[in-house]
Protein chains: 2
Amino acid sequence: MWDETRNVRENSFGRMLHRLVRHMDDRMTAGLEDMGLNLSEFPVMMTVLERAPLTQVEIGKIYQRPAYVISRALDGLEQQGLIDRKPHPTSRRAHLISPTKAGMTLAPCLHELVKTCNAETLAPLSVGERDMMLRCLSKIVT
Amino acid sequence: MWDETRNVRENSFGRMLHRLVRHMDDRMTAGLEDMGLNLSEFPVMMTVLERAPLTQVEIGKIYQRPAYVISRALDGLEQQGLIDRKPHPTSRRAHLISPTKAGMTLAPCLHELVKTCNAETLAPLSVGERDMMLRCLSKIVT
DNA sequence: TCGCAACAATTGCAATTGCAATATTAGCAA
DNA sequence: TTGCTAATATTGCAATTGCAATTGTTGCGA
């Protein structure tokens, strides 16, 4: 009776995605531990390293998360001395976020971790399949 | 200086996956609201509908989540009268979980929702690309 | 049989997250 | 200028989640 339901959900796109993301998150969490970062701080730190100097709303736009998420992640990163909140030159309500010297030294490690994690995950696929996968993903991601 | 870092993370596999999953989760959350379910209860309810009767550890094995997650999701589902925790025939510590009559009526709706959500998400792809995508995903999902 | 480790499920408590308010500043229109 | 609305960032509080016990049960070996 439930065979049809089973067919729908079994190996459903959404189910597989969730599994995959959880797996990659675990992998990333382990890799980030050495650097003292957690999974919430990581994307914010990456954005700062990529685009600094920028404001917190700009980080939010890029990373597509509400302001309070950025605010809190930056709290953690600031406390570890990895980023600076400097006054914005033209607006007293905004902050300009930049990595500190210490923060910048993380860049190669993070860089490497991302590459490794993505590569490991995609390892079972052929080069052509990997390209296809990435192309299709960017087609369906907003 | 950070161009390389940007290249690595920009449209990185992991980043795109996270975006995609968040988007699908939002879509699912909206769809589930009509049925009074939330995103934690949904996969458990699906598993129960697909495989009942089964124990909570079995649900955990299938859905790959720790026991307490199942326990709490079932609390919610039971409170809404969608599932039953019956005594296990051979073990007094295990429960046998089954959908109630009310729970079973949800099956077609959930079924439809999953199909719609997956289809909408994959809509920008050609049929061939969709197949490829699903085949590749199942290759890399544990 | 007794004792003990493993198993199934639940729960207390701390950490994390999300929402809605708050404080402060900017810009603009009357 | 004054007053009002929007923008920027933060925070209080409630809801959710995760970890580490806890409860009750089973099976096994001494």
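Owing to the predicted nature of the structure, the values given are computational and were not obtained by experimental measurement. Chain A is the first sequence line, chain B the second, and so forth, proteins listed ahead of strands; every chain is numbered from 1.
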Report the nucleotide, chosen from [options], that has the shortest atom-to-atom distance to any side-chain atom of [X].
X       : options               : result
B/Arg92 : D/dG12, D/dT25, C/dA9 : D/dT25
B/Ser91 : C/dT10, D/dT26, D/dT8 : D/dT26
A/Tyr68 : C/dT11, C/dC19, C/dA9 : C/dC19
B/Val57 : D/dA9, D/dG12, C/dA8  : C/dA8
B/Ser40 : D/dA9, D/dT17, C/dA26 : D/dT17

What is the distance, rounded to the nearest whole Å, between atom [atom1] of [X] and atom [atom2] of [N]?
X       : N      : atom1 : atom2 : result
A/Arg65 : C/dT17 : CZ    : C1'   : 9 Å
A/Leu77 : D/dT10 : CG    : C1'   : 16 Å
A/Asn38 : C/dT16 : CG    : P     : 7 Å
A/Leu74 : D/dT11 : CG    : C1'   : 15 Å
A/Gln56 : C/dT24 : CD    : C1'   : 14 Å
B/Ile70 : C/dT11 : CD1   : P     : 15 Å
A/Arg72 : C/dG18 : CZ    : C1'   : 8 Å
B/Leu39 : C/dG18 : CG    : C1'   : 14 Å

Quiz item: For A/Pro66 and B/Ile97, take the nucleotide of DNA chain C holding the closest heavy atom to each; which residue's nucleotide lies nearer the 5' end?
Solution: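 On the 5' side of the pair lies B/Ile97.
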Quiz item: Is atom NE2 of B/His23 surrounded by more than 12 heavy atoms (other residues, nucleotides or ligands) closer than 6.0 Å?
Solution: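 No.
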Quiz item: For the side chain of A/Asn118 and the backbone of B/Gly14, is there at least one donor-acceptor N/O pair under 3.5 Å apart?
Solution: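 Indeed, once roles are kept as given, a pair shorter than 3.5 Å links the two residues.
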What pairs of donor and acceptor atoms, side-chain ones from residues 93-100 of chain B against any protein atom, are under 3.5 angstrom apart with sequence neighbours left out?
unit_1   : atom_1 : unit_2   : atom_2 : d
B/His95  : ND1    : B/Gln56  : OE1    : 3.4
B/Ser98  : OG     : B/Lys86  : NZ     : 3.3
B/Thr100 : OG1    : B/Gly81  : O      : 2.6
B/Thr100 : OG1    : B/Leu82  : O      : 3.3
B/Thr100 : OG1    : B/Ala102 : N      : 3.4
B/Thr100 : OG1    : B/Gly103 : N      : 3.0

Quiz item: Does the side chain to side chain contact (heavy atoms under 4.5 Å, CB included) test come out yes or no for B/Arg19 and A/Gln64, once each step is laid out?
Solution: CA-CA 8 Å; B/Arg19 286 257 171 94; A/Gln64 304 210 15; 3.5 Å; yes
Please output the side-chain donor-acceptor pairs of residues 27-34 of chain A that fall under 3.5 Å, not counting sequence neighbours, one pair per line with the distance.
unit_1  : atom_1 : unit_2   : atom_2 : d
A/Arg27 : NE     : A/Glu120 : OE1    : 2.7
A/Arg27 : NH2    : A/Glu120 : OE2    : 3.2
A/Thr29 : OG1    : A/Asp25  : O      : 2.7

Self-check item: Side-chain N,O (A/Arg85) to OP1/OP2 (D/dT10) below 4.0 Å
Solution: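 Yes, because at least one side-chain N or O of A/Arg85 sits under 4.0 Å from OP1 or OP2 of D/dT10.
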Practice problem: Just call it for A/Ala67: base, sugar-phosphate, or nothing, with non-hydrogen atoms closer than 4.0 Å on any strand. | Solution: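 Counting heavy atoms under 4.0 Å across all strands, the contact made by A/Ala67 includes a base.
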Practice problem: Starting from the 5' end of DNA chain D, give me the residue, A/Val69 or A/Arg93, whose nearest nucleotide shows up first. | Solution: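 Looking at DNA chain D, the more 5' nearest nucleotide goes with A/Arg93.
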Self-check item: Residue whose closest nucleotide on DNA chain D lies nearer the 5' end, B/Thr90 versus A/His95
Solution: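 The answer here is A/His95.
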